[in-house]
S.K.: 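After the structure tokens below, expect a handful of questions from me.
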Amino acid sequence: MQTLEQELSAWMRQAFAAVFPQADVAALPLNVVATTEAAHGDYQCNAAMAAAKLLKLKPRDVAQAIVDQAALPEGVARLEIAGPGFLNFHLAADWLARRLEAVQGDERLGVPAVGQGKTVILDYSSPNVAKPMHIGHIRSTVIGNALDRMHRFLGWRVLADNHLGDWGTQFGLLILGFRTFADAAAYEASPIEELERVYVASYNRSKEDESWKNAARAELVKLQQGDAANRQLWQSFVEHSLREFERVYARLGVKFDLVRGESYYNEKLPGVIAQLQAQGLAEESEGALIVKLEAEKLTPCLVRKSDGGYNYATTDIATVLGRAAEFLPDEVVYVTDERQQLHFKQFFTVCRKLGVTTKLQHVWFGLMRLPEGTFSTREGNVIKLERLLDEAESRALAIVQQTSPEMPPEQQREVARCVGLGAVKYADLSQNPQSLVTFTWDKALALEGNSAPYLQYACARIASVQDKYRERFPGSEPTTQPIKLDDPIERGLGLKLLRFPDVLQRAAENFRPSLLADYLFDLAQTYSTFYQNLPFLKAEAGVRESRVRLCDLTARTLRRGLNLLGIETPARI
RNA sequence: GUGCCUGUAGCUCAACUGGACAGAGCUUCUGACUUCGGAUCAGAAGGUUGCAGGUUCAAAUCCUGCCAGGCACGCCA
């Protein structure tokens with residue numbers, strides 16, 4: 001099934017080519033988009049103004065020629081010219097109704113599988129071993145997971161890869177510190193907490209004790225050279241950390257197809273260097289090996305340290321080469337915070353020089369800050385992710401207990417879990433990721449207004465309506481009656497429902513889940529107006545069924561949309 | 001110093017990437033029937049889109065210069 005925008009845009013393109021065969025259609029933005037205001041019709045095309053310039057005609061004349069000479073597209077009742085040359089499409093209510101009926105019969109709600117046959121690798125979350133996941137990790141995890149779900153639904157083959165920070169200099173300090181400070185029982189009970197404590201102690205000692213620092217470096221070298229004891233210890237750190245990460249992921253509903261840390265590409269690093277050298281891309285500088293990127297106006301990319309060690313640019317290049325060879329992806333997408341922009345530009349450029357043609361995309365988001373500034377593990381002012389989730393659930397529980405005292409306690413907890421986690425995720429997904437974000441409890445856990453619970457509430461009300469309908473009209477099936485869009489409120493709701501496929505595609509293409517979140521909130525608001533202002537169970541037969549059908553379609557769209565954002569929708573809240 | 005990003009209602013954020021009069025939520029104020037779930041709805045108030053120029057039919061959006069904040073700029077990741 002084609003989307004509305006695709007259908008109308010295709011018509012526009014063909015109509016324009018027919019009326020102005022001399023024009024270069026490909027160069028013009030002939031797409032048709034939804035209007036912002038009902039007064040301007042349902043969909044609009046703004047191409048006449050740009051086309052007029054190209055054709056040396058008046059914009060309104062261009063628009064008029066389209067209106068006069070071409071047959072109207074299917075479903076369009078009126079095509080009008082407004083302002084300087086806007087083309088406003090007014091759709092026929094009947095046709096909209098038939099279309100909604102078709103969407104209702106479609107499992108996919110009219111969403112085309114545009115990603116069919118394509119593969120995308122999504123690299124997100126990627127926490128560091130031996131450190132707790134904190135509020136800084138939630139954005140990558142939640143945004144990455146939403147992109148994962150959206151692409152999957154659009155038909156892509158998605159490989160979500162958790163590229164763990166499981167290699168690097170911190171392991172020298174950790175290994176040495178572990179042998180000196182670790183408490184075995186504490187490590188078993190709460191591994192990351194214990195590793196964190198050990199790390200901080202070891203780090204602090206290294207600052208005042210030069211020999212300690214050297215010893216840590218020696219342990220790191222032994223690890224890198226494959227020393228059995230260190231290797232085993234490292235393996236234990238990774239496994240224990242992963243166990244805890246899994247607990248958080250299970251809670252968040254996040255699943256990875258691959259968990260390949262940086263260490264996975266270890267043996268490939270010398271080969272990457274060899275390849276760079278063979279192609280004459282790398283050169284020595286101050287004892288290190290770099291790739292100059294002057295033509296790209298970038299600072300050099302350092303691929304081997306002066307001590308012979310490799311750094312993360314090398315690892316990331318090896319990762320791309322490995323992925324390209326193994327999975328033949330069309331795209332590789334990274335979701336990280338803003339600080340890594342330069343790094344990604346550099347190593348993407350190096351990859352291209354090495355002949356990688358896969359589309360490489362960096363989706364970045366603003367670093368999470370605390371009102372008093374940034375936080376770091378070393379400073380000890382981190383807010384752990386699990387604590388955030390606990391707090392979210394307990395705040396939600398307090399509200400559920402207050403508003404639904406008759407609900408069994410177990411169900412209250414389940415509702416609070418969905419509402420609390422939904423609120424946290426929605427808070428991150430509903431805004432432009434590139435803006436600065438200052439963490440506050442109230443913002444992260446907002447439960448009213450533009451928030452997940454508002455959407456979940458709308459779903460719950462619809463479920464209730466559907467129950468009551470079955471109760472009062474046993475044996476009736478709404479779909480035996482046609483959908484009618486006589487009231488402007490119904491029509492507005494119907495129109496909005498039909499926008500879902502276009503919005504979803506745009507959100508995925510631009511890697512912006514916030515577009516989907518915005519749409520869902522808008523849809524829920526439109527539905528609430530509908531719900532509050534029009535009777536349905538009390539409406540006459542026929543109208544009643546039509547409205548119940550709109551309820552059903554709204555619920556399915558909201559549920560699907562929220563599901564694609566990783567947010568659950570309990571039947572009762 | 002260079003590069004990237006941000007600046008929109010009192011507060012938190014939108015604005016389909018150049019489109020029509022800049023929209024929501026929170027807060028404040030006024031209302032909501034014989035009740036389908038009031039975690040709701042209807043309405044009011046709230047703006048020189050950081051500042052100054054420029055580009056054009058059209059600028060929050062593009063260009064130039066300032067101001068304020070964030071981040072990054074070879075051996076951490």
Side-chain angles (χ1 to χ4, degrees), chain A residues 5 29 31 33-37 39-40 44 46 49-50 52-53 58-60 82-86 88 126 128 165 167-170 262 285-290 297-307 309-313 315-316 336-343 345-346 364 366-367 369 374 399-400 402-404 419 427 430-432 434-436 438 440 442-443 446-451 453-454 456-458 460-469 472 499 502-503 506-507 510 514-515 518-519 521-522 525 528-529 531-539 547-548 551 572-573:
Chain A
E5 284 189 15
N31 54 315
V33 297
T35 54
T36 40
E37 256 177 281
H40 302 136
Q44 63 176 320
N46 308 326
M49 280 79 80
K53 196 164 285 179
K58 288 183 187 161
R60 286 194 70 106
F86 294 108
N88 292 340
S126 309
N128 287 326
W167 203 248
T169 43
Q170 77 268 29
E262 291 160 6
S285 168
E286 296 170 36
L289 198 67
I290 62 167
K297 291 186 181 154
L298 293 171
T299 49
C301 182
L302 201 137
V303 291
R304 194 180 63 203
K305 302 191 279 185
S306 52
D307 67 2
Y310 307 104
N311 55 3
Y312 75 142
T315 311
D316 279 344
T336 81
D337 73 56
E338 60 185 322
R339 289 175 301 184
Q340 307 200 30
Q341 288 176 80
L342 176 60
H343 162 67
K345 279 186 197 164
Q346 289 176 325
W364 60 267
L367 188 64
R369 293 160 187 81
T374 50
I399 292 173
V400 174
Q402 193 189 329
T403 56
S404 308
V419 168
S430 64
Q431 63 175 301
N432 175 3
Q434 305 194 336
S435 52
L436 306 178
T438 303
T440 62
D442 285 341
K443 216 196 307 177
L447 297 172
E448 44 187 15
N450 187 354
S451 68
Y454 179 89
Q456 291 166 324
Y457 179 64
R461 282 212 293 202
I462 296 173
S464 180
V465 166
Q466 291 174 320
D467 285 352
K468 291 247 160 63
Y469 177 83
R472 292 186 200 175
R499 293 189 57 185
D502 283 312
V503 171
R506 187 152 27 232
N510 296 303
S514 66
L515 296 178
D518 277 354
Y519 165 79
F521 179 63
D522 186 30
Q525 276 192 122
S528 294
T529 297
Y531 175 88
Q532 207 82 19
N533 292 289
L534 296 178
F536 17 100
L537 294 185
K538 284 189 228 155
R547 290 181 179 163
V548 170
C551 284
R572 298 283 177 275
I573 76 169

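In what follows, chains carry the letters A, B, and so on, assigned in the order in which the sequence lines appear, proteins first and then strands, with residues in each chain numbered from 1.
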S.K.: In terms of side-chain heavy atoms, does A:S306 have a donor or acceptor partner in A:E286 at a distance below 3.5 Å?
M.R.: no

S.K.: Quick check for you: among B:C41, B:A20, B:C16, whose closest atom lies nearest to any side-chain atom of A:T36?
M.R.: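 Taking heavy atoms from C-beta onward, the closest nucleotide is B:C16.
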
S.K.: In terms of side-chain heavy atoms of A:L515, which of B:A15, B:G25, B:A20 is nearest?
M.R.: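 That would be B:A15.
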
S.K.: Between the side chains of A:Y457 and A:S528, does any donor sit under 3.5 Å from an acceptor?
M.R.: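 No donor-acceptor contact under 3.5 Å links the two side chains.
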
S.K.: When rounded to the nearest Å, what value does the distance between C1' atoms of B:U6 and B:G50 take?
M.R.: 11 Å

S.K.: With a 6.0 Å cut-off on ring centres, are A:F86 and A:H40 close enough?
M.R.: no

S.K.: Report yes or no: is the ring centroid of A:F86 under 5.5 Å from the six-membered base ring centroid of B:A20, with the two planes under 30 degrees?
M.R.: yes

S.K.: Look at all strands and tell whether A:T169 reaches a base, only sugar-phosphate, or nothing, counting heavy atoms closer than 4.0 Å.
M.R.: sugar-phosphate

S.K.: Looking only at side-chain atoms of A:L302, point me to the closest of B:G74, B:A77, B:G25.
M.R.: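 The nucleotide sitting nearest to the side chain is B:G74.
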
S.K.: Could you work out, with salt bridge (charged side-chain N to carboxylate O under 4.0 Å, His left out) as the rule, every residue matching A:R506, not counting sequence neighbours?
M.R.: A:E5

S.K.: So, is A:K305 near the phosphate of B:C76, with a side-chain N or O under 4.0 Å from OP1 or OP2?
M.R.: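 True: A:K305 side-chain N/O within range (under 4.0 Å) of B:C76 OP1/OP2.
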
S.K.: When we call it a touch if two heavy atoms are under 4.0 Å apart, what does A:P59 touch: a base, just sugar-phosphate, or nothing?
M.R.: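 No contact at all - A:P59 keeps every heavy atom at 4.0 Å or more from the nucleic acid.
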
S.K.: Output the single nucleotide from B:A77, B:C57, B:C41 whose closest atom is nearest the side chain of A:M49.
M.R.: B:C57

S.K.: Does B:U64 count as syn, meaning its glycosidic angle lies within 90° of 0, or as anti?
M.R.: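 Because its glycosidic torsion lies more than 90° from 0, B:U64 adopts the anti conformation.
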
S.K.: Would you mind classifying the nucleic acid contact of A:D522 as base, sugar-phosphate or nothing, using non-hydrogen atoms under 4.0 angstrom?
M.R.: nothing

S.K.: Under 4.0 Å, heavy atoms only, any strand: does A:A52 hit a base, just the sugar-phosphate, or nothing?
M.R.: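 The answer is nothing, as A:A52 stays clear of every strand by at least 4.0 Å.
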
S.K.: Can you identify which nucleotide, out of B:A14, B:A20, B:G19, has its nearest atom closest to the A:Q431 side chain?
M.R.: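 Of all the options, the side chain of A:Q431 is nearest to B:A14.
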
S.K.: With heavy atoms under 4.0 Å as the rule, sort A:A458 into base, sugar-phosphate or nothing.
M.R.: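 Nothing, no nucleic acid heavy atom in range.
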
S.K.: I want to verify a distance call: between B:G25, B:C13, B:A77, whose nearest atom is closest to the A:F521 side chain?
M.R.: B:G25

S.K.: Among all residues two or more places apart in sequence or in another chain, which pass the side-chain contact (heavy atoms from CB on, under 4.5 Å) test with A:T36?
M.R.: none

S.K.: Counting heavy atoms from C-beta on, name the nucleotide in B:C41, B:A24, B:C36 closest to the side chain of A:K468.
M.R.: B:C36

S.K.: Please measure how far the C1' atom in B:A22 lies from the corresponding atom in B:G7, and state the result in whole Å.
M.R.: 16 Å

S.K.: What nucleotide, of B:A20, B:U17, B:A77, holds the atom closest to the side chain of A:N88?
M.R.: B:A20

S.K.: Answer yes if the ring centres of A:Y469 and A:F536 are under 6.0 angstrom apart, and no otherwise.
M.R.: no

S.K.: Regarding A:D518, tell me which of base, sugar-phosphate or nothing describes its non-hydrogen contacts under 4.0 Å with the strands shown.
M.R.: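 Since only primed, P, OP1 and OP2 atoms lie under 4.0 Å of A:D518, the category is sugar-phosphate.
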
S.K.: Among all residues two or more places apart in sequence or in another chain, which pass the side-chain contact (heavy atoms from CB on, under 4.5 Å) test with A:Q341?
M.R.: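 Expected list: A:E338, A:H362, A:W364.
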
S.K.: Answer yes or no: does a side-chain N or O of A:Q525 lie under 4.0 Å from OP1 or OP2 of B:G25?
M.R.: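 For B:G25, OP1 or OP2 has a side-chain N or O of A:Q525 closer than 4.0 Å.
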
S.K.: Nearest of B:G37, B:A42, B:C36 to any side-chain atom of A:T529?
M.R.: B:A42

S.K.: Taking both distances under 3.5 Å as the test for a Watson-Crick or G-U pair, what stems of at least three pairs does RNA chain B have?
M.R.: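 Runs of three or more consecutive pairs: B:1-7 with B:67-73, B:10-13 with B:23-26, B:28-32 with B:40-44, B:50-54 with B:62-66.
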
S.K.: Pick out the pairs of N or O atoms, protein on one side and nucleotides 1-5 of chain B on the other, that lie under 3.5 Å.
M.R.:
from	atom 1	to	atom 2	distance (Å)
B:C4	O2'	A:Q341	OE1	2.5
B:C5	O2'	A:Q434	O	3.3

S.K.: Can A:H40 be said to stack with the base of B:A20, given centres closer than 5.5 angstrom and planes under 30 degrees apart?
M.R.: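 A stacking contact exists, since A:H40 sits close and nearly parallel to the base ring of B:A20.
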
S.K.: In whole Å, what separates the P atom of B:A39 from that of B:C33?
M.R.: 15 Å

S.K.: With rounding to whole Å, what would you report as the distance between B:C62 and B:G18 at their P atoms?
M.R.: 7 Å

S.K.: In Å, rounded to the nearest 0.5 Å, how long is the span from OG of A:S126 to CD of A:E262?
M.R.: 8.5 Å

S.K.: Pick base, sugar-phosphate or nothing for A:I462, based on heavy-atom distances below 4.0 Å to the nucleic acid.
M.R.: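 Contact class for A:I462: none.
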
S.K.: Could you tell me how far B:C41 sits from B:G10 if I compare only their P atoms? Round to whole Å.
M.R.: 24 Å

S.K.: Could I get the full list of salt bridge (charged side-chain N to carboxylate O under 4.0 Å, His left out) partners for A:R472, not counting sequence neighbours?
M.R.: none

S.K.: Identify whether any heavy atom of A:S285 sits under 4.0 Å from a base atom; if not, whether one sits that close to sugar-phosphate; answer base, sugar-phosphate or nothing.
M.R.: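 Contact class for A:S285: base.
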
S.K.: Do A:Q431 and A:S514 touch side chain to side chain, with heavy atoms closer than 4.5 Å?
M.R.: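 No, side chains not in contact.
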
S.K.: State whether the side chain of A:R547 and the backbone N or O of A:P535 hold a donor-acceptor pair below 3.5 Å, judged by distance alone.
M.R.: yes

S.K.: Describe the nucleic acid contact of A:R339 in one word from base, sugar-phosphate, nothing, applying a heavy-atom distance below 4.0 Å.
M.R.: sugar-phosphate

S.K.: With sequence neighbours excluded, tell me which residues meet side-chain contact (heavy atoms from CB on, under 4.5 Å) with A:A507.
M.R.: A:M150, A:L515, A:L516

S.K.: What distance, rounded to whole Å, do you find between the two P atoms, one in B:U30 and one in B:C11?
M.R.: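 Result for the P pair: 24 Å, nearest Å.
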
S.K.: Using atom P of each nucleotide, how far apart are B:U28 and B:G23 to the nearest Å?
M.R.: 24 Å

S.K.: Quick check: are there more than 12 heavy atoms from other residues, nucleotides or ligands sitting under 6.0 Å from NZ of A:K443?
M.R.: yes

S.K.: Describe the nucleic acid contact of A:R572 in one word from base, sugar-phosphate, nothing, applying a heavy-atom distance below 4.0 Å.
M.R.: base

S.K.: Could you list the protein-to-nucleotides 7-10 of chain B atom pairs, N/O on both sides, closer than 3.5 Å?
M.R.:
none

S.K.: Can you name the side-chain hydrogen bond (donor to acceptor under 3.5 Å, both in side chains) partners of A:Q525, sequence neighbours left out?
M.R.: none

S.K.: For a quick check of understanding: with a heavy-atom distance under 4.0 Å over all strands, which category does A:Q44 fall into, base, sugar-phosphate or nothing?
M.R.: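 Base contact.
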
S.K.: List for me each residue that meets salt bridge (charged side-chain N to carboxylate O under 4.0 Å, His left out) alongside A:D467, sequence neighbours excluded, and say none if there are none.
M.R.: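 A:D467 satisfies salt bridge (charged side-chain N to carboxylate O under 4.0 Å, His left out) with A:R470, A:R572 only.
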
S.K.: Look at all strands and tell whether A:A446 reaches a base, only sugar-phosphate, or nothing, counting heavy atoms closer than 4.0 Å.
M.R.: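 Counting heavy atoms under 4.0 Å across all strands, no contact is made by A:A446.
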
S.K.: Of all the choices, B:A15, B:C76, B:C73, which nucleotide is nearest to the side chain of A:L342 once you look at every atom?
M.R.: B:C73

S.K.: Rounding to a whole Å, what distance do you find between A:D316:CG and B:C76:P?
M.R.: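 Rounded to whole Å, this separation is 16 Å.
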
S.K.: The criterion is salt bridge (charged side-chain N to carboxylate O under 4.0 Å, His left out); which residues satisfy it with A:D307, sequence neighbours excluded?
M.R.: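 Once residues adjacent in sequence are excluded, A:D307 has no partner under the salt bridge (charged side-chain N to carboxylate O under 4.0 Å, His left out) criterion.
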
S.K.: Quick one: label A:N510 by what it contacts on the DNA or RNA (base, sugar-phosphate, nothing), any heavy atom closer than 4.0 Å.
M.R.: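 Answer is nothing: A:N510 stays at 4.0 Å or more from every strand.
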
S.K.: Grab the two heavy atoms, one from A:L302 and one from A:N311, that are nearest each other, plus how far apart they are.
M.R.: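 For A:L302 and A:N311, the tightest heavy-atom pair comes out as O-OD1, 3.1 Å.
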
S.K.: For nucleotides 38-40 of chain B, print each protein N/O atom paired with a nucleotide N/O atom at under 3.5 Å, atom names and distance only.
M.R.:
from	atom 1	to	atom 2	distance (Å)
B:G38	OP2	A:R461	NH1	3.4
B:U40	O2'	A:R461	NH1	3.4
B:U40	O2'	A:R461	NH2	3.0
B:U40	O2'	A:Q532	OE1	2.9
B:U40	O2	A:Q532	NE2	3.1

